[in-house]
Structures are given as structure tokens and as C-alpha cells.
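Below you'll find the structure, written out as C-alpha cells, and then a few comments.
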2 protein chains.
Amino acid sequence: MRNAEFDREQVLRAAMNAFLHKGYAKTSMQALTKATGLHPGSIYCAFENKRGLLLASLEQYKQDRNDEFQQFFIQERPVLDSLKAYIDNIVTECNSCDTAKACLLTKSLSELAEQDESIKIFISEVLEQWQQSLSAKFEQAKKLGELTTTKDSKHLARYLVMGIYGLRTFAHTHPQSAVIQQLADQLYEDLCRE
Amino acid sequence: MRNAEFDREQVLRAAMNAFLHKGYAKTSMQALTKATGLHPGSIYCAFENKRGLLLASLEQYKQDRNDEFQQFFIQERPVLDSLKAYIDNIVTECNSCDTAKACLLTKSLSELAEQDESIKIFISEVLEQWQQSLSAKFEQAKKLGELTTTKDSKHLARYLVMGIYGLRTFAHTHPQSAVIQQLADQLYEDLCRE
DNA sequence: GAGTATCTTGAACGAACATTCAAGAACTAA
DNA sequence: TTAGTTCTTGAATGTTCGTTCAAGATACTC
């Protein structure tokens, strides 16, 4: 017996960054061996092929994003304050370097949805879960009396998700602009209105 | 002397569809020769290379989209009615086949922004012009008393653009869903409020 | 410490890629 | 009809791609 030598999470984060940077098609195996420090054989042994490495990276990305999400709502403060902090964090991402302003899930979805049905389904499910988490937070805010609106929590969550998608795309044409924060503020305001 | 035989617009629309369908990297020259009906030599003679064909396609896409935009506002009716019809048309696109729900500009931006600065600049400028056209319509609606809001027209245009970006991404995970229309309606409502 | 199972290594593979170019076809002008 | 110019054709090119696999290295078991 003998265990693999590499750190799986470390490898997957390196692959994540590579895919985020160049997209799936343009990220060559050569680039992936360089980024991960693994030789081709090891990658194929551990992840079957390039597609498998993307799937594993998406899975890791999902977990990382999930953990991050939980962190924002773990603190003792109004739910809406946590939500605002969560949105503002996304704004910060949008105003940072090119790699961070994109979301690996939506980027991969856009590139591969038409070519790979099962990847499309996987990503759609992850995004749906995220939406449901947000919906639960809106519901919580309503129950605690923080939020007074007649609108359905699920609708609010969808609207926020749509806004965040839009924000990220918008950021591509507006590097480090105060406009992103302005739009995010407007979005938050519209969500919490009446 | 002798003129080229092919119809440039027809060729560019075929290329546009190919790029929209598979993305730039995954659209091979072989696929492009098939889609356009042109032989490699003709493409390289007319557009220099694959990248040149994309640029020409983007230019054509810009013109087509511009013409389409103007059509919505040429009719004699309240500006806001035209705007609503314009948004609803996008909803229809989002609910149609996979190829139509994406925008070639944002799709190419997402794929190539980090690798090709001049393509990024070109696309950013086209999107900025679109935003300004929308801004002008909001301004017009204000002047005509259709819209009563304290908000800056440019801000409204940015918010709408963000919403449309988000709508298109959202549509990728929700094929032919009533939810898209619901979100668009909410977006329009938020824009025209107070 | 010998034997064995597993992991690592990286050169080698065929396939697919963007691009080229010389030969052939077609149109124009005289 | 002919000469000249331009466009079309598609096989060939060199490169890069994802993937394989046999040889070597390493750790565990008994």
C-alpha cells in the first residue's frame, strides 16, 4: 500500500484558478500540469481525464463557496446585515483582479452548457442550492421582523441571484469602478423595499 | 477584375451562430468552413484569420442588435411601452433555444477578456454604447413626464443592463420558465418606481 | 529485508488544430 | 478570342492537443 503524495484540495484550487483564468477549452493539460505540479499520469490516475479534473474542481469550488456563505451568517447580527455584508463581499470580488470577478460555476456553465448536458445539470443544481440558501435567509429575516414585504422569499432569492450574475458580467466592462457598489446598493434596496 | 462570390452578411451571420453555439475556442476552422460554406483560403483572404472572422462577426452582431433596438422605439407610443416591449423581447429570447439566449458580446467577453485586450475593449465599447442608448430613452421618458424618478438616467440604464445580463445567465439554468418573465417584470417595476 | 502493491514519471502517440499556398477556375477588358 | 487579374479550391504543413503506458521509485506488509 501507498498513499498519493499530493494534497487534493491544493491541486483542485490550482486547477480552479487555471480554469477561471483561461476557460476550460483554452486551459491545456500542459498548463494544468504546471499549475497543479502533477504529471499527466497522476492527473489521469486521480481524475480520469481533463473533464474529470474540471468536475472535481467544480465540486471543490462548490464546497469552498458554501463554507464562505455560512461564515457570513454565523455571526450574531441581523440577518439582513449579514446579507448586505455578503453582497458587499461580492462587490469587492468584482472590483479585484480579473480572475476573481468571475464565478467558476457560471463561467463553466456558459462555456459548456450546450456541449455537456451532465455538467450543465451539475452546475444548475449547485446554483439552485445556493438560491435556496438565500431564500431561507429571506424567510428568516421575515420571521424575525427584519423584512416587511409581501413578496415571496423564493422570488427575492431569484432576483438577488439574477442581480449577482449581472453584477459579475457588468464588472468585466468596468474594472474597479464605484459603479458596481452603486448597483449592488440599489439591488439590496429594491430587495428590502416594502 | 472579379468580385468575391459570397454574401458577406450571410457568411458573418453563419459564423456568429457557430461562435454562439460552441464558443470561440471550440469552434474549429473546419466547423466554420462548413457553417459559412467558404473554403479556408477564402476565409483567410477575407478576414485574415479566425480571430478576424470573430471580430467581423462581432461588428455584424453589433449592427444587427442596433437595428433591432431602433425598431422598438420607432413606433408612436409611450417610450416606456417601447422599453417594456424591448425587455419582453429579451425574455422571449431567453425562453427560446440555447443559442439565442446568449449574447455574442457578453459570451465572447467572458471567454476572451483576459486573453485579448483589444477584443475586450471593442466589446466594452459596444456595450457602453448600448447602455447610453438606453440612458437616452430614460431621459426621454422623464422629459415626456412618463417617468417620475429622482434617479439619474445613466444609473437606470446601468441597472437595466445589469438586469439583462443577469436574466440571460439565469435563463441558462431555467429553460423555458415563467420565472424569467417574472424577474423581468420585477426589474421593470423597480426601474420605473417613484 | 525481501516481496509486493501502488504511485510517479515523462517520452511517445495519433488526432485535431489553425494556417498556407500553388494550381485551377472565372470574370473583365481589349 | 485572348491576356491578365482576381478569386476559389483543398491538400499539405507544422504545431499543439489530450491521452497512454511501460519503466522507475517508493512505501507498506510479513
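We name chains A, B, ... by the order of the sequence lines, and we start the count at 1 in each one.
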Completion exercise
Taken to the nearest whole Å, CG/B:L38 to C1'/C:dT19 is 15 Å
Exercise for the section: For the residue pair A:F69 and A:Y86, categorise the inter-ring angle as parallel (less than 30°), tilted (30 to 60°) or perpendicular (more than 60°). Expected result: perpendicular
Exercise for the section: Compare the minimum distances between each of C:dT19, D:dG18, D:dT8 and the side chain of B:N49, then state the nucleotide with the smallest one. Expected result: C:dT19
Practice task
Could you say whether A:K26 or A:E48 is positioned toward the 5' end of DNA chain D, judged by the nucleotide with the nearest heavy atom to each?
Solution key: A:K26
Practice task
Look at the side chain of B:K154 and the backbone N and O of B:S135, then say whether any donor-acceptor pair between them is shorter than 3.5 Å.
Solution key: no
Practice task
Could you tell me whether A:E9 and A:R13 have a side-chain N and a carboxylate O separated by less than 4.0 Å?
Solution key: yes
Fill in the blank from the handout: Whole-Å distance, B:K22 NZ to C:dA16 P, equals 12 Å
Fill in the blank from the handout: Closest of C:dT9, C:dT8, D:dT9 to the B:H39 side chain is D:dT9
Practice task
Please state how far atom CZ in A:R51 lies from atom P in D:dT19, giving the value in whole angstrom units.
Solution key: 11 Å
Exercise for the section: Classify the nucleic acid contact of A:T27 as base, sugar-phosphate or nothing, counting any heavy atom under 4.0 Å across all strands shown. Expected result: sugar-phosphate
Handout entry: Residue B:F6, side-chain atoms from C-beta onward, closest of D:dT20, C:dT19, D:dT8
Key = D:dT8
Exercise for the section: Using a cut-off of strictly less than 4.0 Å, decide whether A:Y44 has a side-chain nitrogen or oxygen near OP1 or OP2 of D:dT20. Expected result: no
Problem - Whole-Å distance separating the CD1 atom of A:I43 from the C1' atom of D:dT20 - result: 14 Å
Completion exercise
Closest of C:dT9, D:dT19, C:dT20 to the B:P40 side chain is C:dT20
Handout entry: C:dA16 OP1/OP2 closer than 4.0 Å to side-chain N/O of B:Q30
Key = no
Completion exercise
Checking B:L12, B:L38, B:T27 against B:L53 for side chain to side chain contact (heavy atoms under 4.5 Å, CB included), the one that qualifies is B:L12
Practice task
Starting from P on D:dT16, measure out to CG on A:L32 and report it in whole angstrom.
Solution key: 17 Å
Problem - Minimum-distance nucleotide (side-chain atoms of B:S42 versus D:dT9, C:dA18, C:dT9) - result: D:dT9
Fill in the blank from the handout: Nearest heavy-atom approach of B:K101 to B:R168 is O-NE, 3.0 Å
Fill in the blank from the handout: With the side chain defined as heavy atoms from C-beta on, B:M29 is closest, among D:dG18, C:dT19, D:dT8, to C:dT19
